[in-house]
Structures are given as C-alpha cells and as structure tokens.
Amino acid sequence: MINGDINGDEITDVSDVVAISNHVLGDVGTTIDSVIGDVNGSGAIDVADVVTLANYVLGE
C-alpha cells in the first residue's frame, strides 16, 4: 500500500491525481481508501490532497 497510489497500481502518477480529483468532485464511482487518499494527513480527503499529490507527481 503506497500513500497516494489511489488506483492501486503500485505507481504514483497522473492517473492517481485524476482519480482523487474525481472523488473530491463527487464521483460516486470512485472509492478511495481513507489512508491512501489522505495524502497530506489532515484526516480528510479533500482538494488539499489533490494539490499535494499533483505537486508530488510533478516533482515540486
């Protein structure tokens, strides 16, 4: 289990950013493990996790 690996393919990349974005925007078909999806450790999966994950993927 890799924190930020939203789709479970053992690679953290742009597809994970898309998946967590869809979840945050209310896509009921996107189920995310609360530990993996809470990328910034705030206790919730929200837009801050999307930004944190996107920055990680972009190398920032």
Side-chain angles (χ1 to χ4, degrees):
M1 189 164 56
I2 301 170
N3 194 22
D5 180 21
I6 306 304
N7 62 9
D9 66 356
E10 298 184 11
I11 301 169
T12 303
D13 58 13
V14 70
S15 63
D16 298 300
V17 176
V18 170
I20 196 171
S21 297
N22 288 339
H23 176 78
V24 168
L25 292 172
D27 181 357
V28 295
T30 306
T31 304
I32 296 178
D33 180 279
S34 61
V35 173
I36 294 172
D38 184 17
V39 180
N40 67 359
S42 69
I45 300 173
D46 55 21
V47 70
D49 296 300
V50 175
V51 172
T52 301
L53 186 57
N55 286 338
Y56 173 79
V57 169
L58 294 172
E60 297 179 10

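Everything numeric here is computed off the predicted structure, so don't read it as measured data. Numbers here simply count residues along the sequence, with the first being 1.
A distance of 5.0 Å separates CD1 of Ile45 from CD1 of Ile32, quoted to the nearest 0.5 Å. Atoms CG and CG, on Asn3 and Asn40 in that order, are 9.0 Å from each other to the nearest 0.5 Å. Within the model, atoms CG of Leu53 and CD1 of Ile6 stand 6.0 Å from one another, a figure rounded to the nearest 0.5 Å.
Scanning for side chain to side chain contact (heavy atoms under 4.5 Å, CB included) contacts around Val18 gives Asn22, with sequence neighbours left out. Looking at residues two or more places apart in sequence or on another chain, you find a side chain to side chain contact (heavy atoms under 4.5 Å, CB included) between Asp13 and Asp9, Ile11, Ser15, Asp16.
Pairs engaging residues 46-57 under the side chain to side chain donor-acceptor pair (under 3.5 Å) rule: none recorded [sequence neighbours left out].
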